[in-house]
2 protein chains.
Amino acid sequence: MIDKFLHQLRITEPELQEEIRKNATITEHDRGEFIIKNNNYIKVLKIVLEGKVRVYQESDEREILIYYLNTMETCTLSLSACFEDCKSTVNAIVEEKCILLNIPVRFVHDWNFKYKSWNIFTINTFRESYHHLIHEYSNLAFQPLKDRLFDYLVSKAEQDIVYKSHQELAKELGTTREVISRLLKKLEANKQLRLGQKEIQLLK
Amino acid sequence: MIDKFLHQLRITEPELQEEIRKNATITEHDRGEFIIKNNNYIKVLKIVLEGKVRVYQESDEREILIYYLNTMETCTLSLSACFEDCKSTVNAIVEEKCILLNIPVRFVHDWNFKYKSWNIFTINTFRESYHHLIHEYSNLAFQPLKDRLFDYLVSKAEQDIVYKSHQELAKELGTTREVISRLLKKLEANKQLRLGQKEIQLLK
DNA sequence: ACCCTCTTGTGCCAAAAGTCACAGGTTTTA
DNA sequence: TAAAACCTGTGACTTTTGGCACAAGAGGGT
């Protein structure tokens with residue numbers, strides 16, 4: 001399991017491989033479990049070896065998706081916290097049963113200047129996250145919700161089907177269930193999709 | 001001028017100082033000049049030694065502020081581009097006459113693993129920008145425009161006064177001039193500020 | 001079969017934000 | 001100093017989004 005991770009991230013230095021094996025732990029988590037909670041200190045960097053984690057911000061009853069962590073991805077905010085002790089400003093919850101690699105923060109920090117491949121990993125994580133977030137940011141600023149919803153469905157579809165409830169979509173897009181229901185109805189009337197129970201089929 | 005920069009960023013390695021002096025150029029730019037244009041390739045990392053630069057995204061007639069670059073700050077997106085050749089997705093325009101330090105991208109990339117202080121500079125730039133952007137993102141998602149406007153004024157005030165037109169505020173907050181005018185009127189009626197010509201005085 | 005929870009649909013109304021149109025200031029500049 | 005360009009205010013209207021209430025359907029478990 002770790003080998004696959006080392007390979008995918010192109011971590012080739014034997015010393016670094018050894019350090020990771022020695023200092024990292026592997027844990028399993030079921031759907032619904034919190035990996036990171038808002039306002040808690042971050043002690044370990046978590047890398048998703050398998051499964052899916054949803055990272056979001058909340059405010060009162062609303063939520064908004066920051067990003068999903070898929071296989072071989074790490075939480076950029078945790079990574080950031082490795083460079084300066086700080087509290088989390090987000091929540092992370094397991095969406096699909098997952099296996100995590102946990103690396104205590106002090107190593108993450110040291111390795112950055114010690115191992116070239118770790119340095120690249122760090123920089124790339126920041127870069128990709130930053131670009132992704134800017135993109136989401138301007139979508140949020142410029143696009144009407146209807147478009148954001150449709151784009152989101154397209155991006156999340158597997159074989160043109162999205163298996164999510166309206167409530168889940170609402171939370172990911174930072175709005176309420178009724179609004180999503182109505183917009184979906186409009187999209188259906190527009191023949192852009194077909195609605196089922198917890199199942200949205202994209203057309204064409 | 002460069003010395004001040006080296007000192008502020010705690011760049012202590014003599015070799016790196018030497019490299020910067022040798023390879024970087026200094027340029028001056030007047031208000032209104034474009035530093036970076038959307039869709040252009042990024043060839044040099046620009047660091048603001050003096051002055052102020054506004055970095056924003058645009059869509060049709062609308063704009064939205066990504067961040068301001070103040071003294072001794074660099075454009076995170078340019079920094080990112082140093083690690084992979086790519087086009088800019090933003091515009092950067094000079095707001096206050098400024099002096100820039102220009103470093104060709106290939107150096108920026110190499111120095112990251114070669115000089116510890118440069119590595120720290122890079123990581124810190126990414127970290128701070130990322131946190132800032134997440135903060136803006138959830139404001140955009142959760143806060144009504146009226147609150148965003150007021151918070152923005154507070155953050156931009158010098159001695160409780162903001163010297164900006166409604167049009168400028170609209171562009172920075174991603175909305176239209178009329179909306180800003182009306183919200184400002186409400187805030188004035190609410191005794192939170194007093195309106196003048198291109199001048200908004202915050203009260204209390 | 002029955003209960004409970006989750007899911008979806010929708011009517012009605014309110015608030016927030018955007019658009020269009022126009023009028024009268026102020027500042028810049030030629 | 002007169003024209004042009006920018007700045008502010010505002011009425012009237014539309015669209016978008018949100019909040020509340022209620023009803024009906026689906027699905028799971030005991």
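Given the structure is predicted, the values throughout are model-derived calculations rather than measurements. Just so it is clear: chains get the letters A, B, ... in the order the sequence lines come, proteins before strands, and each one is counted from 1.
For the pair B:Ile200/B:Leu169, a side-chain contact is recorded, criterion being any heavy-atom separation below 4.5 Å from C-beta on. At a threshold of 4.5 Å between non-hydrogen side-chain atoms, the residues B:Leu65 and B:Tyr68 count as touching.
Remark: side-chain polar atoms of A:Arg31 are not paired, donor with acceptor, to backbone N or O of A:Lys97 under 3.5 angstrom. The backbone N or O of A:Leu173 sits less than 3.5 Å from a side-chain atom of A:Arg148, completing a donor-acceptor pair.
In the helix from C:dA1-D:dT30 to C:dA30-D:dT1, the rotation axis of the first five pairs and that of the last five pairs differ in direction by 40°, rounded to 10 degrees.
Taking a 4.0 Å limit (strictly below) on heavy-atom distances, residues 155-184 of chain B reaches DNA chain C at B:Thr175, B:Thr176, B:Glu178, B:Val179, B:Arg182.
Contacts of B:Asp3 classified as side-chain contact (heavy atoms from CB on, under 4.5 Å), with partners at least two apart in sequence or in another chain: B:Leu6, B:Arg21.
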Side-chain atoms of residues 149-159 of chain A: list all donor-acceptor pairs with protein atoms under 3.5 Å, sequence neighbours left out, distances to 0.1 Å.
| from | atom 1 | to | atom 2 | distance (Å) |
| --- | --- | --- | --- | --- |
| A:Asp151 | OD2 | A:Gln143 | NE2 | 3.4 |
| A:Tyr152 | OH | A:Glu172 | OE1 | 2.5 |
| A:Ser155 | OG | A:Tyr152 | O | 2.8 |

Side-chain donor-acceptor distances from residues 76-84 of chain B under 3.5 Å, at least two apart:
| from | atom 1 | to | atom 2 | distance (Å) |
| --- | --- | --- | --- | --- |
| B:Thr76 | OG1 | B:Ser129 | OG | 2.3 |
| B:Ser80 | OG | A:Arg127 | NE | 3.1 |
| B:Ser80 | OG | A:His131 | NE2 | 2.9 |
| B:Glu84 | OE1 | A:Arg127 | NH1 | 3.3 |
| B:Glu84 | OE1 | A:Arg127 | NH2 | 3.3 |

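With salt bridges taken as basic N to acidic carboxylate O contacts below 4.0 Å, none links B:Glu73 and B:Lys52.
Along DNA chain C, read 5' to 3', the first and last nucleotides having any atom under 4.0 Å from a heavy atom of chain B are C:dA17 to C:dT26.
Atom CD of B:Glu188 and atom P of D:dG9 are 7 Å apart (whole Å). Spacing between atom CD of B:Gln197 and atom C1' of D:dA5 amounts to 13 Å, rounded to whole angstrom units. The CG atom of A:Leu149 sits 12 Å away from the P atom of D:dG18 (whole-angstrom rounding).
The one candidate from A:Glu168, A:Glu63, A:Glu96 that meets the side chain to side chain donor-acceptor pair (under 3.5 Å) condition with A:Arg54 is A:Glu63.
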Requested in this report: Could you go through the side chain to side chain donor-acceptor pair (under 3.5 Å) check for A:Ser138 and B:Gln57 one step at a time?
Outcome: CA-CA 7 Å; A:Ser138 54; B:Gln57 278 210 323; 2.5 Å; yes
